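Below is one structure, written out as structure tokens; comments come after it.
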Amino acid sequence: MKRIAALLLALVVHALTLAFVVLGGWTIASGSQFVLSWALGALLLGIGWLLRPRLGRLPADAEVLGRSEAFQLYGMADRVADRIGVRRPAKVAVRDLALDTTYTRNGLLRTPVLVVGLPTWLALAPRQRVALLARAYADLPSGEDLFVGGALSTLAEWRGALMGAAPLQVRDEAQTKIASSLGTLDTVGTGYEVAGFLGRVLGRLIGGPLMLVEYGLTRLARSGDARRAERRATRARRILTAAELAEINALLAGGRYVAPMQAAFLRGESVAAIRRSALAPALLTRDGVYTTPPGAELLGSAESDRLDDELLRHYTRAIRGFGLIT
């Protein structure tokens with residue numbers, strides 16, 4: 001029942017956004033000979049554009065790799081995607097300082113994009129790399145999640161526009177300086193201040209009900225968290241055991257691998273030395289001590305090494321900023 005209620009409430013929010021677009025277009029079309037119609041129609045279209053659902057895009061610091069320059073990475077990403085049951089990524093990108101790895105579908109064409117955080121990737125053994133990609137693929141939101149999430153982002157835009165307005169700090173500072181130069185602390189209110197005050201009052205009158213809608217939709221959406229978590233776990237277990245999934249979740253949550261790599265960089269160690277140090281725990285197993293980390297079905301040890309060779313240039317650039325990771 002809560003699931004249906006969330007979908008219906010999200011539908012109302014999206015319908016309101018669409019109404020602004022339709023009304024703006026109708027205003028311009030029906031009164032094209034009047035300047036006021038064009039101005040009002042443009043305003044309504046602008047509001048509709050501001051409130052539109054966000055379709056996702058690459059982070060600003062992400063660098064897309066060509067398939068020819070990252071053949072091993074694309075090949076591994078394709079194999080894991082096939083086993084998980086999601087579309088193969090059309091683009092694979094890397095980020096120098098991000099720790100997370102994500103898989104999303106961006107834009108109107110819903111292009112599948114895999115974004116790999118290099119610090120984490122550098123620290124993982126082959127088996128853990130497979131687990132990391134499986135986890136990222138399993139976290140892909142459903143169409144229902146995107147529909148409700150889009151409505152929540154629209155409501156957040158409403159809240160910011162209506163409730164977040166405040167007097168311009170630069171203007172306040174200028175007014176304070178003028179008052180000080182005149183030798184008085186009290187100045188007569190201006191039309192700008194009165195209009196700003198009335199605008200904030202109106203914004204809170206309209207924004208109050210919208211905040212209640214946002215609160216209600218957020219609560220309804222969170223009621224499905226357990227169902228979504230189970231769906232993600234079921235998808236990940238197509239290639240991972242429960243222990244492997246728990247291991248990668250704990251590793252990412254703790255982030256204990258970051259500090260040793262930062263210290264190694266400060267000591268002036270190379271990328272190869274940093275990777276050897278990061279892989280040391282993976283060499284110790286119940287079966288003994290390995291000279292190289294054991295591979296996985298979807299990524300052998302030799303393949304993982306070739307993958308690192310492909311990314312060496314990106315690793316070299318990324319480690320220079322490891323000190324900025326918090």
Side-chain angles (χ1 to χ4, degrees), residues 62-63 65 70-81 83-84 89 92-103 114-139 232 236-265 269-287 289-319 321-322 325:
E63 178 185 356
L65 307 179
F71 180 78
Q72 296 292 335
L73 180 56
Y74 271 92
M76 177 202 175
D78 291 346
R79 292 192 297 272
V80 178
R83 290 287 294 271
I84 289 291
V92 175
V94 294
R95 299 178 68 189
D96 290 356
L97 302 182
L99 299 180
D100 56 332
T101 292
T102 59
Y103 174 74
L114 177 69
V115 181
V116 177
L118 287 179
T120 301
W121 192 257
L122 179 62
L124 298 182
R127 178 177 55 83
Q128 294 170 322
R129 286 176 168 177
V130 172
L132 180 67
L133 290 197
R135 182 181 183 273
Y137 288 140
D139 283 344
R232 290 193 296 267
R237 284 198 294 267
R238 292 175 183 174
I239 61 174
L240 300 178
T241 64
E244 289 172 333
L245 182 58
E247 177 191 5
I248 193 65
N249 286 335
L251 181 67
L252 296 177
R256 295 188 300 271
Y257 55 90
V258 175
M261 290 196 300
Q262 290 174 321
F265 167 71
E269 295 185 12
S270 65
V271 170
I274 292 175
R275 174 138 179 87
R276 284 195 300 269
S277 298
L279 290 179
L283 302 178
L284 304 176
T285 68
R286 295 179 179 179
D287 300 326
V289 179
Y290 288 88
T291 56
T292 59
E297 177 186 354
L298 298 178
L299 182 68
S301 180
E303 291 173 313
S304 183
D305 290 340
R306 289 195 294 270
L307 194 157
D308 286 328
D309 291 338
E310 289 179 342
L311 296 178
L312 179 60
R313 175 173 62 88
H314 304 281
Y315 289 148
T316 303
R317 182 191 63 220
I319 63 173
F322 276 11
I325 300 175

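What you see is a predicted model; the values in this text were computed from it and never measured.
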Salt bridge check: are [X] and [Y] linked by an N-O gap of less than 4.0 Å?
{"X": "Arg127", "Y": "Glu247", "result": "yes"}
{"X": "Arg317", "Y": "Glu63", "result": "yes"}
{"X": "Arg135", "Y": "Asp100", "result": "no"}

With heavy-atom distances below 4.5 Å as the criterion, would you say the side chains of [X] and [Y] are in contact?
{"X": "His314", "Y": "Leu118", "answer": "yes"}
{"X": "Ile274", "Y": "Tyr315", "answer": "no"}
{"X": "Thr102", "Y": "Asp139", "answer": "no"}
{"X": "Val130", "Y": "Met76", "answer": "yes"}
{"X": "Val80", "Y": "Tyr103", "answer": "no"}
{"X": "Arg129", "Y": "Ser304", "answer": "yes"}
{"X": "Leu298", "Y": "Ile239", "answer": "yes"}
{"X": "Ile84", "Y": "Leu133", "answer": "no"}

Under a 3.5 Å distance rule, please check whether [X] uses its side chain to pair with a backbone N or O of [Y] as donor and acceptor.
{"X": "Arg275", "Y": "Leu124", "result": "yes"}
{"X": "Tyr74", "Y": "Val92", "result": "yes"}
{"X": "Ser277", "Y": "Ala273", "result": "yes"}
{"X": "Arg256", "Y": "Leu251", "result": "no"}
{"X": "Tyr137", "Y": "Leu132", "result": "no"}
{"X": "Glu310", "Y": "Gln72", "result": "yes"}

Nearest-0.5 Å distance that lies between atom [atom1] in [X] and atom [atom2] in [Y]:
{"X": "Leu245", "Y": "Arg232", "atom1": "CG", "atom2": "CZ", "answer": "10.5 Å"}
{"X": "Glu303", "Y": "Arg79", "atom1": "CD", "atom2": "CZ", "answer": "5.0 Å"}
{"X": "Ser301", "Y": "Arg306", "atom1": "OG", "atom2": "CZ", "answer": "10.0 Å"}
{"X": "Leu252", "Y": "Leu99", "atom1": "CG", "atom2": "CG", "answer": "8.5 Å"}
{"X": "Ile248", "Y": "Leu240", "atom1": "CD1", "atom2": "CG", "answer": "9.0 Å"}

For Leu65 and Leu73, run side-chain contact (heavy atoms from CB on, under 4.5 Å): C-alpha distance rounded to whole Å, both residues' side-chain angles, the deciding distance at 0.1 Å, then the answer. CA-CA 9 Å; Leu65 307 179; Leu73 180 56; 4.0 Å; yes

Sorted by chain and residue number, the side-chain hydrogen bond (donor to acceptor under 3.5 Å, both in side chains) partners of Thr120 (sequence neighbours excluded) come out as Tyr257

Can you name the side chain to side chain contact (heavy atoms under 4.5 Å, CB included) partners of Ala246, sequence neighbours left out? none

side-chain contact (heavy atoms from CB on, under 4.5 Å) evaluation trace for Ile319 with Val271: CA-CA 8 Å; Ile319 63 173; Val271 170; 3.8 Å; yes

Correct closest heavy-atom pair for Ala98 and Pro119 would be O-CD, 3.3 Å

